[in-house]
Amino acid sequence: GLVAVNRDENGKERRGFEMHVGGGLGAVPYQAKLFDSFVPPEEVLPLAQAIARVFARHGEKKNRNRARLKFLVHDLGVEKFRELVLEERRSLPPDPRWTEYVADAEQSQEEPLRPAGELSRDGSEGFRRWQKTNTRPQKQAGYAVVTVALPLGDITAHQLRSLADIVRRFTKETLRTTVEQNVVIRWVSQSDLPELYRALQAAGLDDPDAGTIVDITACPGTDTCKLGISSSRGLAAELRKRLAETSFQRDEAVQNLHIKISGCFNSCGQHHVADLGFYGVSRKMSGYTVPHFQVVLGGEWGHNGGSYGLPVAAVPSKNIPEVVARLSGRYLADRQQGENFKDFVKRIGKVELKKERVPLAVVVESAIETSRPLIEAARHQLHVELPSGPLNLHADVTRLREVLDRRHVPLIHVNHRHIVEKHTNKRPATLDFIRVPHVGRLVRARVGRHLIIERTRAMQHVPRLIG
């Protein structure tokens, strides 16, 4: 890892980098160690090459899970590792490619498209809310950095084209993506902010609350990743929906918390460095596999992930929103003057914080026990009485949801409908594919006044969305 720094040498300022090695998140997170407090630009590539060679020579060969630089640095110690790297560096033959890029990089300078200006105090309520959370003053007077918040990191092709046009209109294409799944526009004149906001609004890119508790980072999870255990995107969407509804009434200390979610322990969603982090796990409850999220509290997002969070407890997926509400409420009620969330977690301790999730676990245990008869019946065939009359797909699915909800069994997913000639001599019959937790993939068919659900095959994975 490289952090840009300046150093005074003989009265002249010189640019360079602070180099760190051996850090990483994943299942076993490690803090990076300082390798060198100042590395000149021309030494970055040769040192990186030397590090790669040392790792190739001394890194783990038998256990694939430990074939990581962070484990090697930890096992050797940073002093011994530095010694090996510097020895390897001295043996490398000179390569002009190490320095060819430096001159071009130093000549590359960003410039504004429009002159600096001042922000007008007029504006709609929506603009003022967006301006408060999605903009910040740039170091250069009269300019602002604008964050385009992308819920779940999603953006359509049409929106991307619109964003490209907007960036060309207001800047010299000074656009960057962020590790929080947003987009940042630099060198925006303060006087252009209202006009820029209207352009983003027309493109559907005017979501406020960037960098707040509503701006949740999540990996793809079970949507597309074969390693996913729980649906990180499903949870993020639900949390975002609930938190956005009350963002105006929320205390600023809670509003500035960070939530990050991973579908498994590998930390692609960066849960270790969030105030409130969650990663997917599975647990057995009453003999059934239930998707959970491990709660990780008190990570530090600032200072380049300065410290990692404390694993507290595993909570059923559908109860995470209540856990967030309880923890944020506890922080607001019990925090000391000026105390941030990381220090609050450290002071309160794991045992005390763990109490916030106990009642939730009991509720879920009871719900699963109550739903056992329905679960057993649905393993073969479930008949749900429907009102007589014409076929109404929306009403049928609504009725099914009501039946399942009364027994605390969430309806997970309904695929597109298909008209088929099957299960009945009346044509056409309607067939849907439905996923229900603990039951499997079910076929739904409307036959007369009965809704018939037949199990076609067992689910091989944990349910992919929270209930």
Check your understanding: Should we say atom NZ of K346 is surrounded by more than 12 heavy atoms from elsewhere, each under 6.0 Å from it?
Key ->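 Atom NZ in K346 is not packed in, count stays at 12 or less.
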Exercise for review: State yes or no: are the ring centers of H271 and Y279 separated by less than 6.0 Å?
Suggested key: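 Yes, ring centres under 6.0 Å apart.
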Using a strict 4.0 Å threshold on nitrogen-to-oxygen distance, state whether [X] and [Y] make a salt bridge.
X	Y	result
R15	E42	no
E238	R240	no
R168	D165	yes
E125	R129	no
D275	K342	no
E43	R89	yes

Practice item. Would you sort out whether I51 and F81 count as a side chain to side chain contact (heavy atoms under 4.5 Å, CB included), showing the intermediate values? Key: CA-CA 9 Å; I51 289 172; F81 180 78; 3.9 Å; yes
Review point. Within 45° of the axis and under 6.0 Å from the centre of the six-membered ring of Y331, does NZ or CZ of R335 qualify?
Key: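 Yes, R335 sits over the ring of Y331.
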Review point. What heavy-atom pair brings Y197 and G126 nearest, and what distance separates the two atoms?
Key: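 Result for this residue pair: OH-C, 3.5 Å.
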Review point. Taking all non-hydrogen atoms of both residues, which atom of L276 and which atom of V324 are closest, and how far apart?
Key: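 The answer is CD1-CG1, 4.2 Å.
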Check your understanding: Is there a donor-acceptor contact under 3.5 Å linking the side chains of H20 and E18?
Key ->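 Result is yes, a qualifying pair exists.
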Review point. Do E110 and W187 have side-chain atoms, one donor and one acceptor, less than 3.5 Å apart?
Key: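 On atom types as modelled, these side chains qualify, holding a pair under 3.5 Å.
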**Study point:** Check: D215 side chain, D209 main-chain N or O, donor-acceptor pair, under 3.5 Å
**Key:**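 Judged by distance alone, no pair lies under 3.5 Å.
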